[in-house]
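Just follow the structure's listing: the first ligand is 1, and inside any ligand the first atom is 1.
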Amino acid sequence: ASTLGAQAAQSGRYFGTAVAAGRLGDGTYTGILDREFNSVTPENEMKWDATEPSRGSFNFGPADQIANRAQAGGKRLRGHTLVWHSQLPGWVSSIRDANTLRGVMNNHITTVMNRYKGRIHSWDVVNEAFADGPSGQLRSSVFRDVLGNGFIEQAFRTARSADPAAKLCYNDYNIENWSDAKTQGVYRMVRDFKARGVPIDCVGLQAHFGTGGPPASFQSTLSNFAALGVDVQITELDIAQASPTAYANTVRACMNVARCTGITVWGIRDSDSWRASENPLLFDRGGNKKPAYNAALTTL
Ligand code: XIL
């Protein structure tokens, strides 16, 4: 096939991109979006600061724009993200009472998931809850500090009730290298959830890579998570300087793991990227295909 999405579909996978509502008026951007991708993740529009900027007051305008566009184009939609310490409004991070915060978290999950019920392929229920470095433990956040480590399980149980058809993912960065303590911490959590029947369907590996691309163990990491009985997805791929080899190695790792169900790049053109100065994406500023594009397409 001649596009990323169509080629990925030949093996039952998707190839997606992050989309920003503010760019949907740009014809070069939407031209590539419509042509190449069969999955969409809102880059910022479904985050807590966007959807519930003050308590109980929800704003779905920008997220709806993206969801409607994805639906019109027949694309899958990834929900990103429900519970995250970042891009979190101050009214949430200042809550100190556990019962209050539990109610607020459950209401947020339920209300946002209800809005898009039946339209979301996968939800990043909890994002980036683990600490960097050697601890392998959860990072400090209002959720962990007020609710305890059980907040993740609580979030997943609430999410399952809200939209039973959506796949529920735990998503994080720097969990691509198998031997890292952070990877091991997430692995132990997923193993524990599966053992105890806590609902979890997928692990999202963000894959924000440096110039060398994925670590040598990346495919093993994917298959080790998959062996726990969850799908794995590459959810936010970008690679500093976008070397074709680094992109091919990333795509190949996913292709070699049956339960690696899809890849999302974190933006379309380099100029759309949150790491724009590193030119990490598949299209240049003019919207032309870069060498990494061909590497990705021919590896799918
Ligand atoms: C980034 C967006 O790309 C930026 O536009 C925003 O300013 C900050 O967040 N991990 C995630 C994504 O899960 O939501 C982040 O997206 C990148 C890191």
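For residues 197-219, the salt bridge (Lys or Arg N to Asp or Glu O under 4.0 Å) pairs, not counting sequence neighbours, are R160-D201. Evaluation of the salt bridge (Lys or Arg N to Asp or Glu O under 4.0 Å) test over residues 125-134, restricted to residues two or more places apart or in two chains, returns D132-K182. For residues 83-106, no pair satisfies salt bridge (Lys or Arg N to Asp or Glu O under 4.0 Å), with sequence neighbours left out.
Donor-acceptor pairing under 3.5 Å is recorded for the side chains of N288 and D284. Looking at W84 and D124, their side chains never bring a donor and an acceptor atom within 3.5 Å of each other.
Using a 4.0 Å heavy-atom criterion, the residues that approach ligand 1 are E43, N44, K47, H80, W84, Q87, N127, E128, Q206, H208, E236, W266, W274.
Annotation: F209 is in aromatic contact with F218 [ring centroid separation under 6.0 Å].
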